[in-house]
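Only one structure is covered here, and it is reproduced in the block below.
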Amino acid sequence: MGNRIRSFPWTVLVLATVFAGVAHARTWNVEKDGSGDFTVIQDAVDVAEDGDIIMIGPGRYTEYTEYSWGNVYVYLSGDRSLTFVGAGVEQTIIGPDVYPSGYRDYGVRSDNGLGVYRFENLRIENQNFRGLAMLNYAVELVGC
């Protein structure tokens with residue numbers, strides 16, 4: 001019995017050390033109707049941390065940010081991995097209704113960084129430059 005009591009603190013210490021490094025991914029919800037955490041995809045991206053999931057509800061997401069090098073609907077930066085999950089390829093669409101003319105549009109653009117971006121069940125369309133422009137990231141596309 002004495003050996004069991006002495007080993008208990010060491011077991012707790014080992015388990016605490018193992019689980020201390022385990023981060024819990026958070027899920028952010030983007031809904032056009034305001035029922036989620038955000039109504040704009042970029043707002044969810046700006047608060048998301050490595051490993052987070054961004055669930056994107058049905059609708060056409062046409063909000064973009066103007067940069068000197070083009071308009072960007074979703075801008076990714078930093079060393080992190082994120083997962084984007086749409087409501088379906090026919091239901092969640094990033095981009096305008098009609099094909100724009102004259103300026104560089106990017107559906108999703110990233111800076112130089114390390115990580116994996118996963119896109120599931122959504123569509124990027126009507127971009128007059130690039131739908132995806134990723135630099136040094138791994139990209140996974142599922143049902144897109």
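The structure presented is a predicted model; accordingly, all values stated were derived computationally and were not measured. Throughout, residue positions are numbered sequentially from 1 according to the sequence presented.
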Query - Closest heavy-atom pair and its distance - Lys32, Gly59 - result: CG-CA, 4.2 Å
Query raised in the report: Are Tyr73 and Tyr67 connected in a single hydrophobic cluster, I mean Ile/Leu/Val/Met/Phe/Trp/Tyr linked by side-chain heavy atoms less than 4.5 Å apart?
Result: no
Report summary line: Heavy-atom nearest pair, Asp105 first then Asn128, reads N-OD1, 2.8 Å
Requested in this report: Taking all non-hydrogen atoms of both residues into account, name the closest pair between Ile94 and Gly107 and its distance.
Outcome: CG2-O, 4.2 Å
Report task. With the side chain counted from C-beta on, respond yes when Asn121 and Thr92 share a heavy-atom pair under 4.5 Å apart, and no when they do not. Result -> no
Query - Validation row: Ile53, Val85 side chains within 4.5 angstrom (heavy atoms) - result: yes
Query raised in the report: Does the side chain of Tyr61 come within less than 4.5 Å of Ile93's, by heavy atoms?
Result: no
Query raised in the report: Which class fits the ring pair Tyr117 and Phe119: parallel under 30°, tilted 30 to 60°, perpendicular over 60°?
Result: tilted
Query raised in the report: Taking only residues two or more places apart in sequence, or in another chain, which ones meet Phe129 in a ring pair (Phe, Tyr, Trp, His ring centres under 6.0 Å)?
Result: Tyr106
**Report entry** Closest approach of Trp69 to Val72 (non-hydrogen atoms, all atoms of both residues)
**Finding:** CZ3-CG2, 3.2 Å
Query - Arg60 side chain vs Pro96 backbone, donor-acceptor pair below 3.5 Å - result: yes
Report task. Report yes if some heavy atom in the side chain of Ile56 is under 4.5 Å from a heavy atom in the side chain of Leu122; otherwise report no. Result -> yes
Requested in this report: Scan Leu82, Val108, Ile124 and name whichever one has a side chain to side chain contact (heavy atoms under 4.5 Å, CB included) with Val74.
Outcome: Val108
Query raised in the report: Looking only at atom types and distance, does a side-chain atom of Ser81 sit under 3.5 Å from a main-chain N or O of Val116, one as donor and one as acceptor?
Result: yes
Query raised in the report: Under a 4.5 Å cut-off applied to non-hydrogen side-chain atoms, are Ile54 and Thr83 in contact?
Result: no
Requested in this report: Can you measure from OG (Ser68) to CZ (Arg104) and round to the nearest 0.5 angstrom?
Outcome: 10.5 Å
Query raised in the report: Given Asp97 and Asn126, is the side-chain contact (heavy atoms from CB on, under 4.5 Å) satisfied, shown in steps?
Result: CA-CA 7 Å; Asp97 274 333; Asn126 293 329; 5.6 Å; no
Query raised in the report: For the residue pair Leu76 and Val45, what are the closest heavy atoms and their distance?
Result: CD2-CG1, 3.6 Å
Query raised in the report: Is a donor on one side and an acceptor on the other found under 3.5 Å between the side chain of Asp52 and the backbone of Glu49?
Result: yes
Query raised in the report: Side-chain contact, heavy-atom cut-off 4.5 Å: Met55 with Thr27?
Result: yes
**Report entry** Under 3.5 Å: donor-acceptor pair, side chain of Arg123, backbone of Gly88
**Finding:** no
Report summary line: Distance col, row Met134:CE vs Arg109:CZ, nearest 0.5 angstrom, shows 11.0 Å
**Report entry** Short side-chain to backbone donor-acceptor contact, Asp37 and Asn29, under 3.5 Å
**Finding:** yes
Report summary line: Value for CG (Leu135) from OH (Tyr137), rounded to nearest 0.5 Å, stands at 8.5 Å
Report summary line: Looking only at heavy atoms, the pair that brings Gly51 and Ala25 closest together is O-CB, 3.0 Å
Query - Gln127 side chain to Glu125 backbone, donor-acceptor under 3.5 Å - result: yes
Report summary line: Between the OG1 atom in Thr62 and the CD1 atom in Ile41, the distance rounded to the nearest 0.5 Å is 10.0 Å
Query raised in the report: When you check the side-chain N and O atoms of Asp111 and Tyr75, is any donor under 3.5 Å from an acceptor?
Result: yes
Query raised in the report: Donor-acceptor pair, Asn71 side chain versus Tyr64 backbone, under 3.5 Å?
Result: no
